[in-house]
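Here is the structure we will look at, set down as structure tokens.
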Amino acid sequence: MDDERNHNTSSSSLPSLCKQLASSTPRESLELDIPVVDLSVSDEEFLMREVTRASEEWGIFQVVNHGIPTELMRQLQAVGKQFFDLPEAEKEAVAKEEDIEGYKRNYLEGIKAWDEHLSHRLSPPSVINYKYWPKNPPQYREVNEEYTRHVKKLTDKILGWLSEGLGLPPVALLQNLGGEMAEYVIRVNYYQPSPKSDLAIGAAAHTDVGAITLLIPNEVPGLQVVKNEQWLDVEYINSAVVVFIGDQLMRMSNGRYKNVLHRATLDKENVRISWPVFVAPRHDLLIGPLPELTGDENPPKFETLVYQDYLHQTFEKWALDKLYSS
């Protein structure tokens, strides 16, 4: 089996890749015309091919006419912004403790807070802890629960096409993520404008550790991805959903689907907000190359690990990388 650490987009290779990008890439990013898939097309085979090709070649694509009502997306954005407009004391009422959930504000010395975020689990019901869901604005819970229903339907469609793209039944990937027990987590990212935006990154370069991420941005640019060893801007498309392939789909597909390295930059004048929903396996599941996709001619490229163990290993590497990158 190939050493997973040598895979060019594995989490442990990020420090060297980021240093390479920093030294070889001009400060000005290029505009990226990433694949855009119109889901109003009735040809399912065409949609499967488009989603599959985008996941193999890019690891990111945008979907339009995806079935999530535009008004619901507007409401999700409105209640999210209203939360961050609250006084700090009210936001601290749902502050993080030891888990990933809750509100947190990060500071950078000499620069105004460059990142505030609120995260909490959306599904399955057995893992939801409503103490991390803001009570103000009062519509927050209703809007997020309705959005969860729609984003799960869209995720099922995309995972179905990606399964078929691998020559598997449509339910294969979702079942291997735990089916209805797969975990959905929303993180609302709030990036304040900064006149020193060239000195700070809103979110450092990373790949998503889960399986797939569905993100809604506001209209302020700042999302960038790597393509051909260049940082490229992701074009804003009104009402589109940006889809990222994460580490686990890369591993399950034995490398056919690419996890995409991405980051968020700050704007000098405008607040940037994004609403990613991270879809991840049940923590006790074994995740690795699917047996149907490997054999003598295509040996496994990744180690099969309990997802919780993968998380621990990844977060430990990130901590070490931070220690040795200063």
Side-chain angles (χ1 to χ4, degrees), residues 31-77 80 122-123 143-177 179-180 182 184-187 208 210-219 221 223 225 227 232-246 248-250 252-253 256-260 262 274-280:
E31 184 174 349
L32 171 62
D33 186 16
I34 68 171
V36 179
V37 184
D38 184 349
L39 301 191
S40 66
V41 175
S42 59
D43 187 339
E44 290 279 328
E45 186 173 345
F46 170 81
L47 292 174
M48 180 271 290
R49 290 197 305 268
E50 291 297 294
V51 167
T52 297
R53 180 165 63 243
S55 300
E56 290 176 337
E57 297 178 2
W58 294 79
I60 182 174
F61 54 95
Q62 300 197 61
V63 292
V64 297
N65 297 317
H66 40 64
I68 302 178
T70 301
E71 176 59 20
L72 177 60
M73 296 172 70
R74 189 199 67 77
Q75 292 172 357
L76 182 79
Q77 293 174 311
L122 297 171
S123 184
V143 170
N144 274 262
E145 288 180 337
E146 180 65 15
Y147 182 70
T148 300
R149 287 189 282 271
H150 283 276
V151 82
K152 288 182 70 175
K153 289 180 183 178
L154 178 57
T155 302
D156 287 354
K157 287 182 181 179
I158 294 172
L159 289 177
W161 291 321
L162 290 175
S163 296
E164 292 181 307
L166 296 170
L168 303 174
V171 296
L173 288 175
L174 181 59
Q175 284 184 344
N176 280 275
L177 294 173
E180 283 300 309
Y184 289 70
V185 178
I186 192 168
R187 173 172 164 140
D208 290 342
I212 191 170
T213 303
L214 288 79
L215 177 145
I216 298 173
N218 71 349
E219 70 282 359
L223 178 61
V225 302
K227 179 68 171 174
L232 306 171
D233 293 325
V234 177
E235 177 189 4
Y236 171 76
I237 300 175
N238 187 33
S239 299
V241 174
V242 185
V243 181
F244 301 83
I245 301 301
Q248 305 317 309
L249 282 193
M250 177 187 70
M252 293 167 69
S253 67
R256 274 191 59 183
Y257 297 146
K258 311 303 181 188
N259 60 347
V260 63
H262 56 285
S274 65
W275 289 258
V277 172
F278 304 98
V279 185

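A quick note: this is a predicted structure, and the numbers were derived from the prediction, not measured.
- Going from atom OG of Ser274 over to atom CG of Asn218 covers 8.0 Å, rounded to the nearest 0.5 Å.
- Side chains of Leu72 and His150 form a contact here, defined as non-hydrogen atoms less than 4.5 Å apart.
- Between Thr155 and Ile212 the shortest side-chain heavy-atom distance falls below 4.5 Å.
- Residues Trp275 and Pro217 approach most closely at CZ3-C, 4.4 Å, considering heavy atoms.
- More than 12 non-hydrogen atoms from other residues, nucleotides or ligands lie less than 6.0 angstrom from CD of Glu71.
- Tested against Leu173, the residues Ile158, Asp156, Leu166 include a single side-chain contact (heavy atoms from CB on, under 4.5 Å) partner, Leu166.
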(request) Could you walk me through whether Val36 and Ile237 pass the side-chain contact (heavy atoms from CB on, under 4.5 Å) test, one step at a time? (result) CA-CA 9 Å; Val36 179; Ile237 300 175; 3.6 Å; yes

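- Atoms CG and NZ, from Leu174 and Lys157 in turn, are 14.5 Å apart once rounded to the nearest 0.5 Å.
- At least one donor-acceptor pair under 3.5 Å links the side chain of Arg256 to the backbone N or O of Gly165.
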(request) Please lay out, stage by stage, how Glu45 and Arg49 fare under the test salt bridge (charged side-chain N to carboxylate O under 4.0 Å, His left out). (result) CA-CA 6 Å; Glu45 186 173 345; Arg49 290 197 305 268; 3.5 Å; yes

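- Contact check for Val64 versus Leu39: no side-chain heavy atoms found under the 4.5 Å cut-off.
- Note that CG of Asp33 is 12.5 Å distant from CG of Asp233, once rounded to the nearest 0.5 Å.
- Using a 4.5 Å cut-off on side-chain heavy atoms (C-beta onward), Val277 and Thr213 make no contact.
- Scanning both residues, Leu168 and Ala172, for their nearest heavy atoms gives CB-CB, 3.7 Å.
- Residue Arg53 is tested with Glu50, Glu56, Glu57 for a side chain to side chain donor-acceptor pair (under 3.5 Å); the sole match is Glu50.
- Side-chain N or O atoms of His66 include one that pairs as donor or acceptor with a backbone N or O of Ser239 at under 3.5 Å.
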(request) Evaluate side-chain contact (heavy atoms from CB on, under 4.5 Å) for Leu122 paired with Asn144, printing each intermediate quantity in order. (result) CA-CA 8 Å; Leu122 297 171; Asn144 274 262; 4.2 Å; yes

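- A donor-acceptor pair under 3.5 Å is formed between the side chain of Tyr257 and the backbone N or O of Leu162.
- Here the closest non-hydrogen pair linking Ala240 and Gln62 is CB-OE1, 3.5 Å.
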(request) Mind running side-chain contact (heavy atoms from CB on, under 4.5 Å) on Leu159 and Leu177 for me, showing each step along the way? (result) CA-CA 10 Å; Leu159 289 177; Leu177 294 173; 4.0 Å; yes

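- When all heavy atoms of Leu249 and Ala211 are compared, the pair lying nearest together is CG-O, 3.2 Å.
- Of the possible donor and acceptor atoms, one in the side chain of His262 sits under 3.5 Å from a partner among the backbone N and O of Val260.
- With values rounded to the nearest 0.5 angstrom, Gln75 atom CD is found 11.0 Å from Thr70 atom OG1.
- Considering CZ of Phe278 and CZ of Phe244, their distance stands at 8.5 Å, rounded to 0.5 Å.
- Minimum interatomic distance between Leu214 and Val243 (heavy atoms only, all atoms of both residues): CG-CG2, 4.4 Å.
- Residues Val241 and Leu215 have side chains not in contact (no heavy-atom distance under 4.5 Å, counting atoms from C-beta outward).
- At least one side-chain heavy atom of Asn238 sits under 4.5 Å from a side-chain heavy atom of Tyr236.
- For the pair Lys227 and Trp58, the cation sits on the ring face: its NZ or CZ lies under 6.0 Å from the ring centre, inside 45° of the axis.
- Lys258 and Ser55 form no side-chain donor-acceptor contact under 3.5 Å, judged by distance and modelled atom types alone.
- Distance CD1/Ile60 to CG/Leu223: 5.5 Å, rounded to 0.5 Å.
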(message) Checking Asn259 against Asp208 for the side-chain contact (heavy atoms from CB on, under 4.5 Å) test, could you report, in this order, the C-alpha distance in whole Å, the side-chain angles of both residues, the deciding distance, and whether it holds?
(response) CA-CA 7 Å; Asn259 60 347; Asp208 290 342; over 6 Å; no

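- The two residues Trp161 and Thr52 have their closest heavy-atom pair at O-OG1, 3.8 Å.
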